[in-house]
Amino acid sequence: MKNLPIVKIAEWLDRVLEVSAFDDVSNNGLQLANESGETPAVAFAVDASVECVKRAAAAGAKLLVVHHGFSWGGGIRRLTGGIYNVVKAAMDADLAIYACHLPLDASKVCGNNWEIARALELTGIKKAFSYHGNVIGLTGILKDVKKIAELFPQLSEELKSVQKGRAIKLGVCSGGAGDFAEAAQKLRCDLYLTGEASWGDVVAAKNVGIKMLCAGHYETEVFGVRALAKMMSAEIKIKTIDIT
């Protein structure tokens, strides 16, 4: 496969993920360019970490697409510490970085929450859980909670106390979305699945009587980048590399 312009790949990503429609704490889009402006392959990871940058470069990519980038809020005010190390490693490798946060949680075609819903074979799916004015999660009917244990084995012990063999209403919101447990209870969900929660969120969930399952922040956010990689490979015919 020949090299493709990174700006064109970024435009495709912006369009597919509907980046402009989201108010986000992340500065979504191309956060770091490279010198050549081209790449023969695109690597995909959850985080823009030094480790992922080095693995992407070693695999031959000149563009790394991630869910968690390095530029948030008002942008980079000081290039020091861990951020300096990430940017230096990327620039040393002539590696560009594209980041997309909330749009990659919410996307119906390749987002974390919809991919989890598909893996769990949820039916009657409805959008739910608003963050910064963006509806990013969903609810749906789960045929049997055993599906959750199959997808997230780390929850097997916790699911032993949940009644098996009946359909339930499940709320899903990936990442650090423990504060939506109360909203899930108001939507009459039987269970709420997220990545991680603060202790206050755990107590709040118990206080309203809903069981919250925390499968891990990272573990619930590998789905989007993997689905996006498959979609990119099929649509724009470029080699994609999964380094999640």
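Predicted model only: the values in this text are computed from it and were never measured.
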Mind running side chain to side chain contact (heavy atoms under 4.5 Å, CB included) on Phe129 and Leu187 for me, showing each step along the way? CA-CA 10 Å; Phe129 312 121; Leu187 292 170; 4.0 Å; yes

So if you build clusters from Ile, Leu, Val, Met, Phe, Trp, Tyr with side-chain heavy-atom gaps below 4.5 Å, do [X] and [Y] land together?
X: Leu170; Y: Ile136; result: no
X: Val202; Y: Phe180; result: yes
X: Ile210; Y: Val145; result: no
X: Leu64; Y: Val19; result: no

Working for side chain to side chain contact (heavy atoms under 4.5 Å, CB included), residues Val66 and Cys52: CA-CA 9 Å; Val66 296; Cys52 289; 5.8 Å; no

Of the non-hydrogen atoms in [X] and [Y], which two are nearest, and what is the gap between them?
X: Cys173; Y: Tyr192; answer: CB-OH, 3.3 Å
X: His67; Y: His101; answer: CE1-O, 2.9 Å
X: Lys62; Y: Asp94; answer: CD-O, 3.3 Å
X: Ala167; Y: Ile141; answer: CB-CG2, 4.0 Å
X: Leu155; Y: Ile148; answer: CD1-CG2, 3.8 Å
X: Glu38; Y: Ile6; answer: O-CD1, 3.6 Å

Is atom [atom1] of [X] surrounded by more than 12 heavy atoms (other residues, nucleotides or ligands) closer than 6.0 Å?
X: Gln154; atom1: CD; result: yes
X: Lys211; atom1: NZ; result: yes
X: Glu235; atom1: CD; result: yes

Is it true that the side chains of Ser49 and Asp47 contain a donor and an acceptor less than 3.5 Å apart? no

Verify the distance criterion only: is there a donor paired with an acceptor across the side chains of Ser26 and Asn28 at less than 3.5 Å? yes

How far apart are the C-alpha atoms of Leu159 and Lys146, what are their side-chain angles, what is the distance that settles it, and do they pass the side chain to side chain contact (heavy atoms under 4.5 Å, CB included) test? CA-CA 8 Å; Leu159 286 164; Lys146 288 188 294 186; over 6 Å; no

Do the non-hydrogen side-chain atoms of [X] and [Y] ever get within less than 4.5 Å of each other?
X: Leu32; Y: Met91; answer: yes
X: Trp114; Y: Val109; answer: no
X: Ile76; Y: Ile83; answer: yes
X: Met231; Y: Trp12; answer: yes
X: Asn113; Y: Thr220; answer: no
X: Thr139; Y: Lys169; answer: yes
X: Asn34; Y: Leu63; answer: no
X: Glu221; Y: His68; answer: yes

Is a donor on one side and an acceptor on the other found under 3.5 Å between the side chain of Ser233 and the backbone of Lys230? no

Flag, side chain of Asn134 to backbone of Asp23, donor-acceptor distance under 3.5 Å: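 Yes; judged by distance alone, with no hydrogens or angles, the pair exists.
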
Under-4.0 Å salt bridge between Lys147 and Glu121: yes

Does the side chain to side chain contact (heavy atoms under 4.5 Å, CB included) test come out yes or no for Leu102 and Leu104, once each step is laid out? CA-CA 5 Å; Leu102 294 183; Leu104 193 53; over 6 Å; no

Would Tyr131 and Phe22 satisfy ring pair (Phe, Tyr, Trp, His ring centres under 6.0 Å), going step by step from the backbone distance to the final call? CA-CA 10 Å; Tyr131 179 71; Phe22 286 79; over 10 Å; no

Using side chain to side chain contact (heavy atoms under 4.5 Å, CB included) as the criterion, point out the one residue from Leu4, Ile241, Ile238, Leu13 that pairs with Val42. Ile238

To the nearest 0.5 Å, what is the distance between CG (Leu120) and CD (Glu115)?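 Result: 11.0 Å between the selected atoms.
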
